[in-house]
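The next block holds one structure in the form of structure tokens; read it before the comments.
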Protein chains: 2
Amino acid sequence: MNDTRNRLVNVTAVLFQRQGLAATGIKQILSDSNAQFSSLYHHFPGGKEQLAAEVIRASGIRYQELVEAVWDSAPDVLTGITQVFEGAAETLEATDFAVACPIATVALEVATTNEELRVVTAEVFSSWISSGTDRLVAAGIDLTRARSLTLILVALLEGAFILCQAAKSTESMIAAGSAAVAIVSDALESSVADP
Amino acid sequence: MNDTRNRLVNVTAVLFQRQGLAATGIKQILSDSNAQFSSLYHHFPGGKEQLAAEVIRASGIRYQELVEAVWDSAPDVLTGITQVFEGAAETLEATDFAVACPIATVALEVATTNEELRVVTAEVFSSWISSGTDRLVAAGIDLTRARSLTLILVALLEGAFILCQAAKSTESMIAAGSAAVAIVSDALESSVADP
DNA sequence: GTCTATACTTTGATAGAC
DNA sequence: GTCTATCAAAGTATAGAC
């Protein structure tokens, strides 16, 4: 799977994560991918927008799988959530705060400027939220509350990414992780008390 | 204060909020401001980057004042926090999810691409965090905990903005507001119990 | 599917008259 | 301080040979 098409997607994913959509030029994508104009427009007749849609989807799936792997390898829910936030903080620090959410920058850019791509980012977030909700339901939390909690968890993670990248500090991610654990912990206790 | 220089800053602030930095061209700024190239480079010899720095600072101050006004007009801390998140949700809905955080898109764009502007965004967030921390301290929470709580509040707000704009739904902002109130409420109770 | 070359637009920025 | 005109570079996209 290291053909030209995949190289284009993977290279663009990295550039989108660091620079966003508008700042990433096709010429830079081609240069970094060792590819030609003809290859890009052969594989993506829709040009930059079609490539972007595929990159957003691929990045979303990859990040979801990463988080699920961390979460599911933990012995319990609270440990899983702790490790997701700790892992995010470690990655930020290890990459000099370059690697955070793979789609947040693009999501904000397209939210009011490109309806097709906005929908793609919404689908990615929706998939993440379903994944988290499933896990909280499996831990004994009722569906409505599990969904609401997952929205909070994702918001904490995304918001902390912004603050951490701007400040070049993991302080916010640490605080967000503590809050995430506290909130889910409360929900678990009231689930046990009122099943 | 409706001279050319101020028009440039105000117009650019709106464009940055909706499109981000890279997607906003100087020609669009000039067109929307009814200004000329010569005016822009007269007032901002440093070009787009200098204008961007001033716009980020101005947007940061304006938004901080808005939030402080909402917070301080409430009878107590928890009501204030509730109304900040409710106000954000109302603004999102009233503007078809176009008006969210004024600097988040730019902050993510510049975080790894423009060190000078990254520092400016960091200063804005730092000022917001100080403002929130002051208010929680005034409510009786000790400084360390107040700062940590404020980081969580800002992360919740910023993360919810992303999710709401992508989904075109205020669901995440509602959930984030509930979480914010719950977390600060807990802190207030333990402050009273253990002063 | 890939190569070279190119078309056309928009970008940020500057020059020089007034 | 403002006007018109213009620059060099980078932007996306396409054509046509192989």
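None of the values given here were measured: they were computed from a predicted structure. Lettering follows sequence order; numbering is per chain, from 1.
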Rounded to the nearest 0.5 Å, what separation is found between the [atom1] atom of [X] and the [atom2] atom of [Y]?
X         : Y         : atom1 : atom2 : result
Leu51(B)  : Arg5(B)   : CG    : CZ    : 9.0 Å
Phe161(B) : Glu158(B) : CZ    : CD    : 6.5 Å
Ile141(B) : Thr133(B) : CD1   : OG1   : 10.0 Å
Leu40(A)  : Thr4(A)   : CG    : OG1   : 10.5 Å
Leu21(B)  : Ile56(B)  : CG    : CD1   : 7.0 Å

Please collect all ring-ring contact (aromatic ring centres under 6.0 Å, His included) contacts where either partner lies in residues 25-50 of chain A, sequence neighbours excluded, each pair once.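 Pairs touching residues 25-50 of chain A that pass the test: none.
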Enumerate the ring-ring contact (aromatic ring centres under 6.0 Å, His included) contacts for residues 74-128 of chain B, please, sequence neighbours excluded, ordered by first and then second residue.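 For residues 74-128 of chain B, and leaving out neighbouring residues, the ring-ring contact (aromatic ring centres under 6.0 Å, His included) pairs sorted by first residue read Tyr63(B)-Trp128(B), Phe125(B)-Trp128(B).
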Rounded to the nearest Å, what distance is computed from the [atom1] atom of residue [X] to the [atom2] atom of nucleotide [N]?
X        : N      : atom1 : atom2 : value
Tyr41(B) : dT4(D) : OH    : P     : 18 Å
Phe37(A) : dT2(C) : CZ    : C1'   : 14 Å
Arg5(A)  : dT2(C) : CZ    : P     : 12 Å

Residues from residues 42-50 of chain A lying under 4.0 Å of DNA chain D - heavy atoms: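 The answer is Gly47(A), Lys48(A).
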Going by number, which of residues 16-36 of chain B have a non-hydrogen atom under 4.0 Å from DNA chain D?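 Listed by number, they are Gln36(B).
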Base, sugar-phosphate alone, or nothing: which one does Ser38(B) contact when heavy atoms must sit under 4.0 Å apart?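 Base, at least one base heavy atom under 4.0 Å.
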Salt-bridge criterion met for Arg57(A) and Glu54(A) (N-O under 4.0 Å):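 The answer is no: the pair does not qualify as a salt bridge.
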With a 4.0 Å cut-off, would you call Asp96(B) and Lys168(B) a salt bridge?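 A salt bridge is present here (some side-chain N lies under 4.0 Å from a carboxylate O).
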Difference in axis direction between the ends of the helix from dG1(C)-dC18(D) to dC18(C)-dG1(D), five pairs, 10°: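 That helix gives 10° between its end axes.
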Who pairs with Arg62(B) by side-chain contact (heavy atoms from CB on, under 4.5 Å), at least two apart in sequence or on another chain?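 Only Asn10(B) meet the side-chain contact (heavy atoms from CB on, under 4.5 Å) criterion with Arg62(B).
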Given dT2(C), is OP1 or OP2 found less than 4.0 Å from the side-chain N or O atoms of Thr4(A)?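 It does, given that an N or O in the side chain of Thr4(A) lies less than 4.0 Å from OP1 or OP2 of dT2(C).
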So which of Glu93(B), Glu171(B), Met173(B) actually passes side chain to side chain contact (heavy atoms under 4.5 Å, CB included) with Cys164(B)?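 Per the side chain to side chain contact (heavy atoms under 4.5 Å, CB included) rule, the option paired with Cys164(B) is Met173(B), out of Glu93(B), Glu171(B), Met173(B).
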